[in-house]
Amino acid sequence: MIKAIAIDDEPLALQLVSGYINKTPFLELVATFDNPIDAINLINDQSVDLIFLDIQMPDLTGTSFARTIDNGTKIIFTTAYEKYALEGFKLDAVDYLLKPFSYEEFLVAAQKAKRLIELEQHATTNESDNEFLFLKSEYKVVRINFDTILYIEGQKDYIRVFLVGEDTPILSLSTLKSIEKKLPESHFMRVHRSFIVNLNFVKAIERSRILFGKEYIPISDQYKDKFQKFINKNVL
């Protein structure tokens, strides 16, 4: 699934785009925003693959906002002003949808983004097929096998990686968003703004908390539905 957000200061336009996203099988609507400033924290905190972005907005235009986005995130501009097309493509946008646009036009643009994202994923297949990663920690580079990771906690500009059989976590100057891209989705899931867990070690859940030994990992409302789907799929 391609994780997408929509940003538009016009309520009807935002409703239209979010409706289009929800009816597209390969897209997952993560959130909607009526201004780009409110979207900054979410984009910094978690992985977003695609942004449907209006251009003409107060305080911060879509093109100005696009310049602050990590290059790995794809952007499709949605605007009523054709004059911004050239600037949009200079920013390496996937596509440019001129309002009002139909679902067919939306789908063509979304499929273009899907192809680009799949090509990039294919290019890193060998890397993602690894069963380990390397982390910089305390002036050295440490190899960590995926099957030894219990959970990962994010704390501002660094992360703590808790390992099976180890009392002390590994500290690394990184972010949850960065390491999340390196982890196989089949085994790891973000359950909170500050936590990623290894699903293979989820042995007990109590009151929206996952029990790891004596530690409880909270499941926030933002990630609860996705985690519940994992539980429902495997419950007897």
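Remember, predicted model here, so these are calculated numbers, not experimental data. These numbers come from the heavy atoms of this one structure, side chains and all, not from hydrogens, waters or symmetry mates.
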(Q) Applying side-chain hydrogen bond (donor to acceptor under 3.5 Å, both in side chains) to T78 and Y96, what does each step give before you reach the verdict? (A) CA-CA 6 Å; T78 61; Y96 185 98; over 6 Å; no
Q. Is it true that atom CD of Q155 has more than 12 heavy atoms of other residues, nucleotides or ligands lying nearer than 6.0 Å?
A.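 Yes, CD of Q155 has more than 12 neighbouring heavy atoms, counting only those of other groups under 6.0 Å.
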Side chains of [X] and [Y]: closer than 4.5 Å at any heavy-atom pair?
X: I159; Y: L171; answer: no
X: I5; Y: L42; answer: yes
X: L199; Y: H187; answer: no
X: V142; Y: I144; answer: yes
X: I2; Y: K114; answer: yes
X: V191; Y: I196; answer: no
X: L135; Y: V161; answer: yes

Heavy-atom pair with the smallest gap, counting every atom of [X] and [Y]:
X: Y223; Y: Q46; value: OH-NE2, 3.2 Å
X: K74; Y: V94; value: CB-CG2, 3.6 Å
X: K177; Y: I43; value: NZ-O, 2.6 Å
X: R190; Y: L176; value: NE-CD1, 3.8 Å
X: L183; Y: L133; value: CD2-CD2, 4.0 Å
X: F65; Y: A39; value: CZ-CB, 4.4 Å

Q: Before giving the answer on side-chain contact (heavy atoms from CB on, under 4.5 Å), spell out for M57 and I7 the whole-Å C-alpha distance, their side-chain angles and the decisive distance to 0.1 Å.
A: CA-CA 10 Å; M57 291 182 285; I7 306 174; 4.0 Å; yes
Q) Checking side chain to side chain contact (heavy atoms under 4.5 Å, CB included) against I76, which of I51, L50, V17 comes through? A)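 One option only clears the test, and that one is L50.
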Q) Between F52 and F77, is a ring-ring contact (aromatic ring centres under 6.0 Å, His included) present by the stated rule, with each step listed? A) CA-CA 6 Å; F52 291 90; F77 285 116; over 10 Å; no
Q: Could you check N198 against L150 for side-chain contact (heavy atoms from CB on, under 4.5 Å), going step by step and ending with a plain yes or no?
A: CA-CA 5 Å; N198 188 336; L150 283 171; 5.8 Å; no
Which distance, rounded to the nearest 0.5 Å, do you find between the [atom1] of [X] and the [atom2] of [Y]?
X: I149; Y: F188; atom1: CD1; atom2: CZ; result: 4.0 Å
X: T32; Y: Q15; atom1: OG1; atom2: CD; result: 10.0 Å
X: D34; Y: E10; atom1: CG; atom2: CD; result: 11.5 Å
X: T68; Y: I40; atom1: OG1; atom2: CD1; result: 6.0 Å
X: E153; Y: S194; atom1: CD; atom2: OG; result: 6.5 Å
X: D9; Y: L14; atom1: CG; atom2: CG; result: 9.0 Å

Q: Go through the structure and list residues passing ring pair (Phe, Tyr, Trp, His ring centres under 6.0 Å) with F134, not counting sequence neighbours.
A: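 Checked F134 against ring pair (Phe, Tyr, Trp, His ring centres under 6.0 Å); matches are F132.
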Q: Would you please test S172 and S174 for side-chain hydrogen bond (donor to acceptor under 3.5 Å, both in side chains) and show each step?
A: CA-CA 6 Å; S172 179; S174 184; 5.2 Å; no
Taking distance alone, no hydrogens or angles, what donor-acceptor pairs closer than 3.5 Å link side-chain atoms of residues 204-221 to residues at least two apart or in another chain?
unit_1 : atom_1 : unit_2 : atom_2 : d
E206   : OE2    : R209   : NH2    : 3.2
D221   : OD1    : K224   : NZ     : 3.1

Q: Spell out, yes or no, whether V108 and L53 are grouped together once hydrophobic residues are joined by side-chain heavy atoms under 4.5 Å, including indirect joins.
A: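 Hydrophobic grouping puts V108 apart from L53.
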Q.
Test of understanding: clusters of I, L, V, M, F, W, Y form through side-chain heavy atoms closer than 4.5 Å, transitively. Do I170 and Y158 belong to the same one?
A.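 Result: no, two separate clusters.
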Q: Carefully, step by step, assess N35 and D38 under the rule side-chain hydrogen bond (donor to acceptor under 3.5 Å, both in side chains).
A: CA-CA 6 Å; N35 70 86; D38 287 347; 2.8 Å; yes
Q | Parallel, tilted or perpendicular: ring planes of Y151 versus F162, cut at 30 and 60 degrees | A | parallel
Q. Using the ring of each side chain (for Trp, its six-membered ring), is Y20 parallel, tilted or perpendicular to F101, with breaks at 30° and 60°?
A. tilted
**Q.** Derivation of the salt bridge (charged side-chain N to carboxylate O under 4.0 Å, His left out) call for D8 and K99
**A.** CA-CA 12 Å; D8 200 310; K99 299 176 183 178; 2.7 Å; yes
Q | Heavy-atom donor-acceptor pair, E105 side chain to S102 backbone, under 3.5 Å | A | yes
Q: Go through L163 and T168 one step at a time and tell me if the side-chain contact (heavy atoms from CB on, under 4.5 Å) criterion holds.
A: CA-CA 8 Å; L163 304 177; T168 304; over 6 Å; no
Q.
Please determine whether a side-chain nitrogen of the Lys or Arg among D95 and K112 lies less than 4.0 Å from a carboxylate oxygen of the Asp or Glu.
A. yes
